[in-house]
Amino acid sequence: MRKIIGICMLCVLCLCLCSCKGSDTTGKTKHVSADGKVDEYKSLQELENDAEAILKVIRLGEENPVVKKNADGDIYSAYTFSNVKIEKVYKDVDEKLVSGDTITILENEARDEETNTVFHVNGYNMMKKGKEYILFLKKDETDRKEYYVSLGVNYGTVSLEKDGRSVVMKDEEGKKLSDFSPYQEIWEAVRAKYR
C-alpha cells in the first residue's frame with residue numbers, strides 16, 4: 001500500500017513539476033506544490049497506531065536536497081533528507097532508537113537552485129533548524145539509504161513551537177499552495193499530550 005501511494009505521489013509530482021524548467025532571472029523564489037494522495041488521519045489515536053516510531057526531536061542543520069531531472073531537464077522528483085536528534089522516544093516498534101541518536105528524515109520539500117524554485121508536496125514546509133517537533137514516522141529505504149518518513153506528509157510532523165511551518169505559501173498568481181486546517185485538530189491533540 002505504501003509503495004502504491006508513493007508511486008501515485010511521484011506521478012502527481014512529476015506532472016506538476018514538468019512545467020518548471022529553465023532559469024529564474026527575477027531572483028524571486030518561486031513555490032510550487034504538487035498534490036499527492038496520502039493517508040489521512042481522523043484522530044490522534046489513528047496516527048499513533050499507524051506509527052512505527054513516535055519521537056520528540058530537534059532539527060539539526062544538516063540537510064541534503066534531492067532534485068531529480070530527466071534528460072530534458074524536467075523535474076520528476078524533489079525531496080530533502082534532513083537530520084534530527086532524538087530527544088525522547090515515545091514509541092519504537094524496532095526498539096533500536098534512543099535519546100541522543102541522530103536519524104534521517106525524508107521531507108517533502110526541496111529547492112532547485114538552478115531555477116530558484118522550492119517544490120512542496122501537499123504544501124509541506126520543512127522543519128526549521130533548532131526547533132522541536134513530535135514526529136510520527138515509518139521507516140523506509142531507497143538507494144540503500146535508510147530513513148524515516150512522516151505519516152500523512154503533514155499529519156506526522158508537529159511543531160512544538162512557532163516555527164513558520166504552517167504559514168501558507170502562495171504561487172506566483174497568489175493561489176494558496178496549502179491548507180493546514182485539516183491538520184489543526186490533530187496537531188493540537190499532539191501538543192497537549194506530548195509536550
Side-chain angles (χ1 to χ4, degrees), residues 5-38 40 57-85 104-135 140 142-143 145 147-184 186-187:
I5 290 172
I7 291 169
C8 290
M9 284 180 58
L10 185 61
C11 290
V12 170
L13 185 61
C14 178
L15 291 172
C16 291
L17 301 180
C18 284
S19 63
C20 298
K21 178 177 150 181
S23 297
D24 177 22
T25 56
T26 65
K28 184 177 178 185
T29 300
K30 196 168 34 166
H31 291 271
V32 175
S33 183
D35 292 330
K37 183 176 169 120
V38 297
E40 293 186 11
V57 303
I58 189 162
R59 168 72 152 72
L60 301 176
E62 299 90 11
E63 58 187 46
N64 178 24
V66 178
V67 178
K68 296 183 178 181
K69 299 179 182 184
N70 64 20
D72 295 327
D74 296 326
I75 294 171
Y76 66 87
S77 184
Y79 51 87
T80 299
F81 287 116
S82 300
N83 290 329
V84 297
K85 181 178 179 182
T104 302
I105 307 293
L106 182 142
E107 296 199 74
N108 288 290
E109 176 189 312
R111 175 183 294 276
D112 178 22
E113 296 295 339
E114 267 183 50
T115 62
N116 198 23
T117 303
V118 179
F119 299 99
H120 310 262
V121 174
N122 291 12
Y124 182 90
N125 293 314
M126 283 202 313
M127 295 180 284
K128 307 297 183 195
K129 178 183 174 185
K131 302 293 184 182
E132 289 183 317
Y133 300 88
I134 300 294
L135 301 180
D140 212 332
T142 187
D143 301 326
K145 179 181 178 85
Y147 61 90
Y148 290 85
V149 180
S150 291
L151 297 181
V153 180
N154 286 301
Y155 286 100
T157 303
V158 184
S159 174
L160 291 178
E161 49 193 295
K162 292 189 183 213
D163 67 350
R165 281 193 65 248
S166 58
V167 171
V168 176
M169 298 291 205
K170 296 182 180 179
D171 66 13
E172 291 174 321
E173 289 81 38
K175 179 185 167 207
K176 289 183 181 180
L177 296 176
S178 57
D179 175 14
F180 295 108
S181 59
Y183 317 113
Q184 294 298 333
I186 290 177
W187 287 351

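What you see is a predicted model, and the numbers here were worked out from it, not measured in a lab.
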Please report the shortest heavy-atom distance between [X] and [Y], naming the atom on each side.
{"X": "Glu107", "Y": "Met127", "answer": "OE1-N, 2.8 Å"}
{"X": "Ser150", "Y": "Gly156", "answer": "OG-O, 3.8 Å"}
{"X": "Ser33", "Y": "Gly123", "answer": "OG-N, 3.0 Å"}
{"X": "Thr157", "Y": "Tyr133", "answer": "CG2-CD2, 4.2 Å"}

Indicate yes or no for a side-chain donor-acceptor contact from [X] to the backbone of [Y] under 3.5 Å, with no hydrogens or angles considered.
{"X": "Asn154", "Y": "Asn122", "value": "yes"}
{"X": "Asn70", "Y": "Asp72", "value": "yes"}
{"X": "Thr80", "Y": "Glu109", "value": "yes"}

Evaluation steps, side-chain contact (heavy atoms from CB on, under 4.5 Å), between Ile75 and Asp112: CA-CA 9 Å; Ile75 294 171; Asp112 178 22; 3.5 Å; yes

Rounded to the nearest 0.5 Å, what separates atom [atom1] in [X] from atom [atom2] in [Y]?
{"X": "Leu160", "Y": "Trp187", "atom1": "CG", "atom2": "CH2", "answer": "12.0 Å"}
{"X": "Ser77", "Y": "Phe119", "atom1": "OG", "atom2": "CZ", "answer": "10.5 Å"}
{"X": "Arg111", "Y": "His31", "atom1": "CZ", "atom2": "NE2", "answer": "6.5 Å"}
{"X": "Leu60", "Y": "Thr104", "atom1": "CG", "atom2": "OG1", "answer": "10.0 Å"}

Residue list, salt bridge (Lys or Arg N to Asp or Glu O under 4.0 Å) with Lys131, at least two apart or on another chain: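 So Lys131 forms a salt bridge (Lys or Arg N to Asp or Glu O under 4.0 Å) with Glu161.
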
side-chain contact (heavy atoms from CB on, under 4.5 Å), paired with Leu135, selected from Val149, Leu151, Ile105: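 With Leu135 as partner, Val149, Leu151, Ile105 yield a single side-chain contact (heavy atoms from CB on, under 4.5 Å), made by Ile105.
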
Close side-chain approach of Lys129 to Glu63, heavy-atom, < 4.5 Å: no

Sequence-distant partners of Glu132, side chain to side chain donor-acceptor pair (under 3.5 Å), two or more places apart: none

With sequence neighbours excluded, residues passing side-chain contact (heavy atoms from CB on, under 4.5 Å) with Ile58: Lys85, Glu87

